[in-house]
Amino acid sequence: MDVEVTLDPDTAHPKLVLSQDQTSVRRETKWQPVPDTPERFDYWCCVLGREEFREGRHCWLVEVEGERGKYSSWAVGVARASVKRKGWINMSPEGGIWAVRYDEGQLMSLTSPRTPLSLSPVPTRIWVCLDCTQQQVSFINADNGVKIFTFTAASFKGKSIRPWFLLGTQGIQLCLRDSTPQTLSPVLGDSCPSPATPGSPLLGPAEAAQE
């Protein structure tokens, strides 16, 4: 099902600034005057979504806005609600994060090791689809419905899962878009795109199970 996702300001790194409606985030040069709570990321410029999921299938649409230059860096995906917040974190399934990242001109899945994804142009509107029952996380190009990558056999271990976002550079922002049927790309139909939807898989064997 399509879900409305908002950002959790209590988890946002101090360099991140959320919009008033908590649906977009950008990075600033200066640290914001926010309390250093246990929930807040303090090393990587990450923020979590407010929503937590334990069962069912949920999708949300993220759009990357701004100057997407060669040296820009961002990531979208999901993380265990208990993901590490302080210091360096392991951005991979082993660290409780399932995501795709754009970094210095290359889109990649945050597998261990990383899996380069050959897409041109790089998608800027991405469906994140979480299937708690099948333990899968899929990423789909919202403009053409083509699957970007799927984590299978994800080890959620019955834990709550939350949306996860990273802004590695300034000049861009990540925006959560209204994902009601009226605003969906026609190629996606009127419901959440299925991770199993036949498309032109870009990786084939590379989409092996990632624990």
Side-chain angles (χ1 to χ4, degrees), residues 1-66 73-102 110 124-132 135 137-139 142 151 154-180 192:
M1 60 179 293
D2 308 326
V3 293
E4 182 178 349
V5 169
T6 54
L7 303 170
D8 184 354
D10 293 337
T11 67
H13 185 281
K15 283 189 176 181
L16 297 181
V17 176
L18 276 56
S19 61
Q20 188 170 5
D21 62 3
Q22 297 172 358
T23 61
S24 67
V25 57
R26 69 180 190 276
R27 176 171 170 165
E28 297 290 348
T29 55
K30 295 183 178 180
W31 287 48
Q32 308 303 305
V34 292
D36 181 19
T37 60
E39 296 79 22
R40 191 178 304 281
F41 291 97
D42 69 354
Y43 185 83
W44 295 104
C45 288
C46 302
V47 61
L48 294 176
R50 283 183 177 275
E51 294 69 25
E52 295 191 19
F53 307 107
R54 280 181 176 265
E55 57 186 22
R57 188 155 143 264
H58 312 276
C59 297
W60 53 93
L61 182 60
V62 184
E63 183 168 3
V64 185
E65 283 193 343
S73 176
W74 51 266
V76 297
V78 302
R80 289 196 193 102
S82 59
V83 68
K84 183 181 177 184
R85 314 292 173 86
K86 302 302 182 183
W88 185 89
I89 58 176
N90 181 2
M91 291 189 289
S92 73
E94 289 77 13
I97 294 173
W98 296 264
V100 293
R101 181 177 183 179
Y102 178 81
L110 294 185
T124 57
R125 298 175 67 246
I126 298 174
W127 280 103
V128 181
C129 294
L130 167 67
D131 191 328
C132 296
Q135 297 201 73
V137 186
S138 293
F139 301 89
F151 290 89
S155 53
F156 299 151
K157 300 179 180 177
K159 305 295 186 181
S160 293
I161 302 297
R162 299 175 67 174
W164 175 85
F165 310 85
L166 166 75
L167 273 173
T169 52
Q170 295 173 254
I172 58 173
Q173 63 179 0
L174 300 177
C175 307
L176 290 156
R177 296 306 188 194
D178 181 4
S179 57
T180 58
C192 179

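Numbers here are sequence positions counted from 1.
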Take atom NZ in K159; do more than 12 heavy atoms of anything else shown fall under 6.0 Å from it? no

Keeping the roles fixed (side chain from [X], backbone from [Y]), state whether a donor-acceptor pair exists under 3.5 Å.
X    : Y    : value
E55  : C132 : no
S19  : S24  : yes
R40  : R85  : no
S160 : E52  : no
R27  : L167 : yes
T124 : V64  : no
D42  : G87  : yes

Looking only at side chains, do S155 and Q135 share a donor and an acceptor under 3.5 Å apart? no

Sequence neighbours excluded, every pair satisfying ring-ring contact (aromatic ring centres under 6.0 Å, His included) that has a member inside residues 5-32: H13-W31

Less than 4.5 Å apart, any side-chain heavy atom of [X] and any of [Y]?
X    : Y   : answer
R50  : Q22 : yes
P163 : V62 : no
I161 : R80 : yes
I89  : Y43 : no
R162 : S82 : no

If you take all heavy atoms of [X] and [Y], which pair is closest and at what distance?
X    : Y    : answer
G95  : V83  : O-CG2, 3.6 Å
L18  : D8   : CD2-C, 4.2 Å
L176 : V5   : CD1-O, 3.2 Å
N90  : I97  : O-CD1, 4.2 Å
L174 : A75  : CD1-O, 3.8 Å
R54  : G158 : NH1-O, 2.7 Å

Apply side chain to side chain contact (heavy atoms under 4.5 Å, CB included) to the pair S73 and R101, showing each step before the final yes or no. CA-CA 7 Å; S73 176; R101 181 177 183 179; 3.1 Å; yes

Straight-line distance of [X] [atom1] to [Y] [atom2], nearest 0.5 Å:
X    : Y    : atom1 : atom2 : result
S138 : I126 : OG    : CD1   : 12.5 Å
I172 : E63  : CD1   : CD    : 12.0 Å
C46  : L166 : SG    : CG    : 4.5 Å
M91  : K84  : CE    : NZ    : 12.0 Å
F41  : K86  : CZ    : NZ    : 9.5 Å
R177 : R125 : CZ    : CZ    : 8.5 Å

According to the interplanar angle, ranging from 0 to 90°, do the rings of F156 and W98 count as parallel (below 30°), tilted (30 to 60°) or perpendicular (above 60°)? perpendicular

Parallel, tilted or perpendicular: rings of F139 and F151 (30°, 60°): perpendicular

State yes or no: are the ring centers of W60 and F165 separated by less than 6.0 Å? no

